[in-house]
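Presented below is the structure to which this report refers.
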Amino acid sequence: MPELPEVETVRRMLEENVLGRTIRRVGRSRHRLRAPAPAARAMPLHGRMIEALRRHGKFLLIDLSGGLSVISHLGMSGRWLFYASDTIPPLAHVHVRIAFENGTCLWYQDPRRFGTFRSVPTAELARDPSLRNLGPDPLDRPPTGAWLVEQAHALRLSAKSFLLDQRRVPGIGNIYASEILHRAGVHPGRPAGTLRLVEWERIAAETRAVLGEAIEMMGTTFSTYRTLWNEPGAYGAQLLVYDRAGEPCLRCASPVRRIVQGQRSTFYCSTCQPRRPGRARRSEGRSSGHSARERGPFR
DNA sequence: ATCCTATCCTGTAGGC
DNA sequence: TGCCTACAGGATAGGA
């Protein structure tokens, strides 16, 4: 489940490796991604130079010379993989193969095909249906408690579902939503409109902290995500609640619970994240400061 | 407008 | 060992 830290990791690696490169050739699989790119024939990618690599939420934006941009989303199982030479191992589910003029190449692989790769005139990016409703990117404009409390005003949906709504804070997915709420001490089932300002302030602070720490560790490899060099991310060892149902909470030792919200798993600690917010708040005043913990190898 | 559900997709894990 | 089923969740369309 690539979320903002995973996409940002890939974006930074792409910036290091393909910025300024000129596309020599693009090959596509006939196995269609969910949103194929019918415009590709009309506006070919080859011959264009990569001018910028941007990201909004979980969307990767590749600006090409000549006023064309590529919108790419990794979906559930998408990977961008970079190869410095043309000796490439056999690989299934590769949908896009980009060859650069210097002999390097970049592949988009996506077994489940939930991801996207399509080209759009750069001038029309802001109007694109996928992008136009996204909230401000949390790395560009970190959310504040005041802004979140205003966004959530009178909403009845759960705090967890609120965090997954890309119109609010884009880039948060199922893994980081559980982690952020746990660290903020907020029960995931609380109606978003009932959270107090101090709670949104903690959520805002933990959003910044969790995303930042995850980027430093090149993301979370829960199952399929890999970096541009096909390496796993290291943040999985830092997860406090995600996929830890029944295991002791690392703060209070109560068993971590799993519930289903909107057909997705949510993990939380009923002691650290009480359903009814009382005065028994966590004692520490600082928002962050979790030490790295030891955990066994990835699943 | 808000909220919820079904849909897409395939590798993997677990049961038997 | 091997078959079968359930499960994982990104965005989005459509209905209540």
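Numbered from 1 within each chain, the chains take letters A, B, ... in sequence-line order.
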A:Met13 with A:Phe117, same ILVMFWY side-chain cluster at under 4.5 Å: yes
Backbone of A:Ser158 reached by a side-chain donor or acceptor of A:Gln261 within 3.5 Å: no
Backbone N/O of A:Pro191 and side chain of A:Arg156: donor-acceptor pair under 3.5 Å: no
Atom [atom1] of [X] and atom [atom2] of [N]: how far apart are they, to the nearest Å?
| X | N | atom1 | atom2 | value |
| --- | --- | --- | --- | --- |
| A:Arg167 | B:dC3 | CZ | P | 9 Å |
| A:Leu91 | B:dG11 | CG | C1' | 14 Å |
| A:His95 | B:dC8 | NE2 | P | 17 Å |
| A:Leu164 | B:dC3 | CG | P | 14 Å |
| A:Gln109 | B:dC9 | CD | P | 18 Å |
| A:Arg113 | B:dC9 | CZ | P | 6 Å |
| A:Phe114 | B:dC8 | CZ | P | 9 Å |
| A:Arg264 | B:dC8 | CZ | C1' | 11 Å |

Taking any heavy-atom pair under 4.0 Å as a contact, classify [X]: base, sugar-phosphate, or nothing.
| X | result |
| --- | --- |
| A:Gln166 | sugar-phosphate |
| A:Leu74 | nothing |
| A:Arg258 | sugar-phosphate |
| A:Ser130 | sugar-phosphate |
| A:Ser161 | nothing |

I need the [X] [atom1] to [Y] [atom2] distance, nearest 0.5 Å.
| X | Y | atom1 | atom2 | answer |
| --- | --- | --- | --- | --- |
| A:Thr104 | A:Arg21 | OG1 | CZ | 5.5 Å |
| A:Ile172 | A:Lys160 | CD1 | NZ | 11.5 Å |
| A:Tyr83 | A:Leu228 | OH | CG | 9.5 Å |

Under 4.0 angstrom between A:His93 side-chain N/O and B:dG11 OP1 or OP2: yes
Flag if over 12 foreign heavy atoms under 6.0 Å of CZ, A:Arg257: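 No, CZ of A:Arg257 has 12 or fewer neighbouring heavy atoms, counting only those of other groups under 6.0 Å.
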Donor-acceptor side-chain pairing of A:Ser119 and A:Arg48 below 3.5 angstrom: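 The criterion, which ignores hydrogens and geometry beyond distance, is not satisfied for A:Arg48 and A:Ser119.
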Terminal axes of the helix from B:dT2-C:dA16 to B:dC16-C:dG2 (five pairs each): angle between them, nearest 10 degrees: 50°
Residue met sooner reading DNA chain B from 5', once A:Gln263 and A:Leu157 are mapped to nucleotides: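 Its nucleotide being nearer the 5' end, the pick is A:Leu157.
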Positional range of nucleotides in DNA chain C within the contact set of chain A, heavy-atom, under 4.0 Å: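 Nucleotide range in contact with chain A: C:dA8 to C:dT12.
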Candidates B:dT2, B:dC9, B:dG11 - which lies nearest the side chain of A:Pro111: B:dG11
Distance flag, aromatic centroids of A:Phe59 and A:His73, threshold under 6.0 Å: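 That pair passes the under 6.0 Å test.
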CA sep, side-chain torsions, deciding dist, call: A:Glu213, A:Gln238, side chain to side chain contact (heavy atoms under 4.5 Å, CB included): CA-CA 9 Å; A:Glu213 291 166 26; A:Gln238 308 298 318; over 6 Å; no
